[in-house]
> 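Below are the structure tokens for one structure; questions will follow.
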Amino acid sequence: MPLNPQAKALWDQIRDPNCEACPLHESAQTVCLVGDGPVPARYMVVGEAPGYREDEVEKPFAGKSGQFLDEVLEQVGLSRKDAFISNVAKCRPPANRTPTRTELKACRPYLDAEIEAVKPELILLVGNAALNLIKKSGITKHRGEVFKYGDATVLPTVHPAAVLRNPNYDAVFRTDLATFSRMVRGEPGATPTRTFLVRNPRALTATCRSILTAPAVAYDLETTGTEEYEEDAKIVTVGISPKPGIAFVVPIHHPESRWKDPDKVLRAIGHALMFTKAKVIAHNAKFDDRWMTQFDIPIHSDFDTMIAAHLLDENRFKSLKFLAQLILGVDPWADVDLGGGGALTTALSKLARYNAKDADYTLRLYYHFREELTSTGNERTLRLFVKLLMPASKALTTIERTGMWVDQERLLTRRLELDKRLATVDERLTELTGQKANWNSPQQLAKILFSEMDMTVWELTAKGAPSTREAVLLRLSKEHEVPKLILEWRSLSKNKSTYLDNWLELLSSDSRIRTHYKLTGTVTGRLSSGKEHQKARGINVQQVPRDKFIRGIIGAPPGWKFLEADFSQIELRIAAHYSQDPTMIRLFQLDEDIHLATAVKMTRKQPHQVEPEERKKAKAVNFGFLFGMGWRKFIDYARDNYDVEVSDIEAERFRDDFFATFTKLRAWHERQRRLVRNYSKVQSLIGRVRHLPDILSQDEEVRKEAERQAINSPVQGLASDLMLLSLSILHEQMPVDEAKIVGTVHDSILVEVRDDVVDKWSKTIKHTMENLPLKRTFGVELTVPIKVDVKVGQHWGEGELYG
DNA sequence: CACCAGGGCGCG
DNA sequence: AAAGCGCGCCCTGGTG
């Protein structure tokens, strides 16, 4: 029963203890548990569904997450007793299941009745299910946006239970509650943006003058939702903020733009940005710089607020919307709804407001991050930002624009070949199983293999269905032809859909495909690659199969060669440096192959008999043990990949052997564990930090995971930073008519080199990457030699080793 | 038609 | 005692 006397009346009035509108009534102890609190109330908090405790004591938010919610409410100056607290679902779902959309729909009348009685001005929604109130889903996307529901203003945030599980959400949750509290008290957020629409020559001149005279200026583009190189690509408006709180918005190709020559206006703004002494700031500068360059304004921003945010805390969300609320304390705002037609069909006044906010907030964030980066204790981070990340971002801007050349003839013929082979496999499968099925469907396949053909179920998926993953089918292949054919089908169909079909579709008129590299896409500092945003299509060049049939479609156009420069065994070399293991260091000084040694041990072959594929698998074993793999997983690994049954004792001995060979690895692991336990973070040789708040978790498994990450991150991060440093140095050295960088895959750099200068550039690239100026740039040195393999050919993956 | 989670698998 | 790390895309099938 509700504690609040006013809610009691409500409880009697709208509650139906015999409700059978959805299946949830079957599992709930208390059916139709309505909310609790004052009626009416100024604000409501709406959660997902009653939990175990709530069901028992008949009170919403009674468990652990409820306590946490109360705590944070208190901290932001609100009190639970002023709030009416309820849930979108009124019955407790069976253990650990969120209510379905159908169930929520059935429950809606009760919630609506509550809202009508409580008459809240503000509603805080907590958790994804609660978003159902406003017919949305995707809480991490919509949190911190404001919505209306009837007369009430609605603010969604993450669920307190999510915060308790994942500390990364803590900042988000507190920010949103602080905002909510401000809204409840009717206080405005930080200074709003004063927007000036630039629509006449005098205003344009004033804007340019402000760009030229300000110490720092932020810019932000609104564009058509296309790739910048597409035919109908247009810059719609430019937002300029020369001073916090102020932004000029210049319409360019917006239909309401009144300029006679919009391109000339863009040039005027662009030239001011190019020639100003001011620091040019942007959020995700690579995007805006690329667009400007496409329209003949080659600018490279000096300061990217997104990169700064990521470098200072790799775990937080990097969107401008989030950072502005978290750091600047501005009021929440919803992304501009561009509708079907993109920025072009959005009213100029509306578009300008958003554009202005973005530019203004970017500038304000710049002043904040500049302060943070130059404060005591952040010297190494500042150096990384200035000497490594911003130059790398500049190089990537060009690399993304260049794209990778595709051999169209190979692409077309190989695609047809795949079609033919797929048809053959399909025919044979139909013959063997006696039916037509969708071979891509794990569900249909499981039915055929395990119900109809009665094969052994070796493994279950996370959800308890019989797994049809590769390792399982491989085991079944020994006795049946069908699983073997399925594996072939999967490989062929993945090659076709993920790679060849996509490449053909995304091929530009210059026979190139393009990707987007994210400098802020991973927690370790590696690049991620793929599409620009969720709705776009795009390719990931980091997962192109090594299979020559696929990889060999990418290459260099006639008159040029394709060069791949690869850091050899870079992560092991870095681990050798960190651990100072004498055996590892000696092996690298003698230039011996550690992966080959492991492959020899596992296959019991002579070194020269080891297949490249076997060496590649040994590589995974070395990395596995190096980064904390246990002997149990090793048994699975050996079975799935080598078809070798290893006993528990053998597996343990194999692992012991590894650590007996490299005696100092254990001490290094221990040091990393100690560091992360003491400081909740670790850092790489050149100062890139990985924050690991999970080390404070109550859950031992989670803590152990953080410890393994503490071992892995400084290795993976440094390897990647060496690549980024190479990228920026090489990019500055290369004249585009001789050589151009076209891509990078973690520890390798892909370059197109003109035929007649291949020798010169092979040599220069190798030398540059093997002799990076670590001492001069970061004041540190590596105690192991760095080795780079350069391969040159006409196509990717088909090159000959240089030198 | 849009969105989402899960399964599966490509890469380093 | 037990423990690899880091990513992104395609497809299916459920749901609204």
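Lettering follows sequence order; numbering is per chain, from 1.
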> Under 4.0 Å: is that the gap between some side-chain N or O of A:Ser529 and OP1 or OP2 of C:dC7?
no
> Check whether any side-chain N or O of A:Thr461 sits under 4.0 Å from OP1 or OP2 of B:dG7, and answer yes or no.
yes
> Applying a 4.0 Å non-hydrogen cut-off, can you work out what A:Glu652 is touching in the nucleic acid: base, sugar-phosphate, or nothing?
nothing
> Within the distance-only criterion (no hydrogens, no angle test), does the side chain of A:Glu314 pair as donor or acceptor with the backbone N or O of A:Thr524 below 3.5 angstrom?
no
> So does A:Arg673 pair up with A:Glu707, basic N to acidic O under 4.0 Å?
yes
> What is the distance, rounded to the nearest whole Å, between atom NE2 of A:His516 and atom P of C:dC9?
10 Å
> Classify the nucleic acid contact of A:Lys531 as base, sugar-phosphate or nothing, counting any heavy atom under 4.0 Å across all strands shown.
sugar-phosphate
> Taking atom types as modelled and ignoring hydrogens, do the side chains of A:Glu571 and A:His746 form a donor-acceptor contact shorter than 3.5 angstrom?
no
> Taking donor-acceptor contacts at under 3.5 Å, does the side chain of A:Glu470 reach the base of B:dC9?
no
> Is A:Gly628 touching bases, backbone alone, or none of the nucleic acid, heavy atoms closer than 4.0 Å?
base
> I'd like a table of donor-acceptor pairs (distance under 3.5 Å, sequence neighbours excluded) in which one partner is a side-chain atom from residues 698-706 of chain A, with atom names and distances.
from     : atom 1 : to       : atom 2 : distance (Å)
A:Asp699 : OD1    : A:Glu701 : N      : 2.9
A:Arg703 : NH1    : A:Ser697 : O      : 3.0
A:Arg703 : NH1    : A:Gln698 : O      : 3.3

> Using atom CD of A:Gln569 as one end and atom P of B:dG12 as the other, report the distance to the nearest whole Å.
14 Å
> Taking 4.0 angstrom as the limit, do A:Glu470 and A:Lys494 come out as a salt bridge?
no
> For C:dC7 and A:Arg526 - does any side-chain N or O of the residue sit under 4.0 Å from the phosphate oxygens OP1/OP2?
no
> For A:Glu227, is there an ion pair with A:Arg514 - N to carboxylate O distance below 4.0 angstrom?
no
> OP1 or OP2 of C:dT12 less than 4.0 angstrom from a side-chain nitrogen or oxygen of A:Asn438, does that happen here?
yes
> Measure the distance from CG on A:Asn540 to P on B:dG12 and round it to the nearest whole Å.
11 Å
> Nearest to the side chain of A:Leu487 - C:dC5, B:dC9, C:dA1?
B:dC9
> Provide, to the nearest angstrom, the distance between the CG atom belonging to A:Asn712 and the P atom belonging to C:dG6.
6 Å
> For A:Lys787, is there an ion pair with A:Glu770 - N to carboxylate O distance below 4.0 angstrom?
no
> Could you check which of C:dC5, B:dG10, C:dC9 has an atom nearest any side-chain atom of A:Tyr499?
B:dG10
> Looking at residues 441-451 of chain A, who's got a heavy atom less than 4.0 Å off DNA chain C?
A:Ser441, A:Gln443, A:Gln444
> What is the distance, to the nearest angstrom, from the NZ atom on A:Lys518 to the P atom on B:dC11?
21 Å
> Determine the stems involving DNA chain C; a stem requires 3 or more consecutive pairs of the Watson-Crick or G-U wobble kind, each with both distances below 3.5 Å, and the answer is none if no such run exists.
B:1-12 with C:5-16
> Quick check: does any side chain N or O of A:Arg551 sit under 3.5 Å from a backbone N or O of A:Val544, one acting as donor and the other as acceptor?
yes
> Does any N or O donor sit under 3.5 Å from an N or O acceptor when you compare the side chain of A:Lys494 with the base of B:dC9?
yes
> Base, sugar-phosphate or nothing for A:Val541? Non-hydrogen atoms, less than 4.0 Å.
nothing
> Of the nucleotides C:dC9, C:dG4, C:dA2, which has the atom closest to the A:Arg632 side chain?
C:dA2
> Determine the minimum heavy-atom distance between A:Ala651 and A:Val646, stating which atoms define it.
N-CG1, 3.5 Å
> Take the protein atom CD of A:Glu571 and the nucleotide atom P of C:dC5, then report the distance between them rounded to whole Å.
13 Å
> Compare side-chain N and O positions of A:Ser713 against OP1 and OP2 of C:dG6 and report whether any pair is under 4.0 Å apart.
no
> Choosing from B:dG8, C:dA1, B:dC11, which nucleotide comes nearest the side chain of A:Arg546?
B:dC11
> Are A:Asp501 and A:Arg415 side-chain neighbours, meaning at least one heavy-atom pair lies under 4.5 Å?
yes
> Taking atom C1' of C:dC9 as reference, at what distance in whole Å does atom CG of A:Asn440 sit?
14 Å
> Using OP1 and OP2 only, check whether a side-chain N or O of A:Ser528 sits under 4.0 Å from C:dG6.
no
> Tell me, please, which residues at least two apart from A:Asp747 pass side chain to side chain contact (heavy atoms under 4.5 Å, CB included).
A:Asp566, A:Phe567, A:Ile570
> Tell me if a side-chain donor or acceptor on A:Ser529 pairs with a main-chain N or O of A:Val541 at a distance below 3.5 Å.
yes
> OP1 or OP2 of C:dG6 less than 4.0 angstrom from a side-chain nitrogen or oxygen of A:Gln709, does that happen here?
yes
> Would you please say whether a donor-acceptor pair under 3.5 Å links the side chains of A:Ser493 and A:Asn440?
yes
> Check whether any side-chain N or O of A:Arg690 sits under 4.0 Å from OP1 or OP2 of C:dG6, and answer yes or no.
yes
> Taking only the side-chain nitrogens and oxygens of A:Lys704, find out if one of them lies under 4.0 Å from OP1 or OP2 of C:dA2.
no
> C:dG6, B:dC11, B:dC9: which one has an atom nearest the side-chain heavy atoms of A:Thr524?
C:dG6
> Check each of A:Arg526, A:Gln716, A:Arg688 against A:Asp721 using the side-chain hydrogen bond (donor to acceptor under 3.5 Å, both in side chains) test, and report the only one that passes.
A:Arg688
> Just to confirm, is there a sub-4.0 Å distance from OP1 or OP2 of C:dC9 to any side-chain nitrogen or oxygen of A:Asn502?
no
> Grab the CZ-P distance between A:Phe549 and B:dG10 for me, whole Å please.
15 Å
> Between B:dG6, B:dC11, C:dG4, which nucleotide has the shortest distance from any of its atoms to the side chain of A:Met629?
C:dG4
> Using a heavy-atom cut-off of 4.0 Å across all strands, would you classify A:Glu701 as base, sugar-phosphate, or nothing?
nothing
> Respond yes when some side-chain nitrogen or oxygen of A:Arg490 is under 4.0 Å from OP1 or OP2 of B:dC9, and no when none is.
yes
> Quick check on contacts: within residues 665-674 of chain A, what sits under 4.0 Å from DNA chain B by heavy-atom distance?
none
> Show me the donor-acceptor pairs, under 3.5 Å and distance only, between side chains in residues 624-637 of chain A and residues at least two apart or in other chains.
from     : atom 1 : to       : atom 2 : distance (Å)
A:Asp636 : OD1    : A:Arg639 : NH2    : 2.9
A:Tyr637 : OH     : A:Lys617 : O      : 3.2

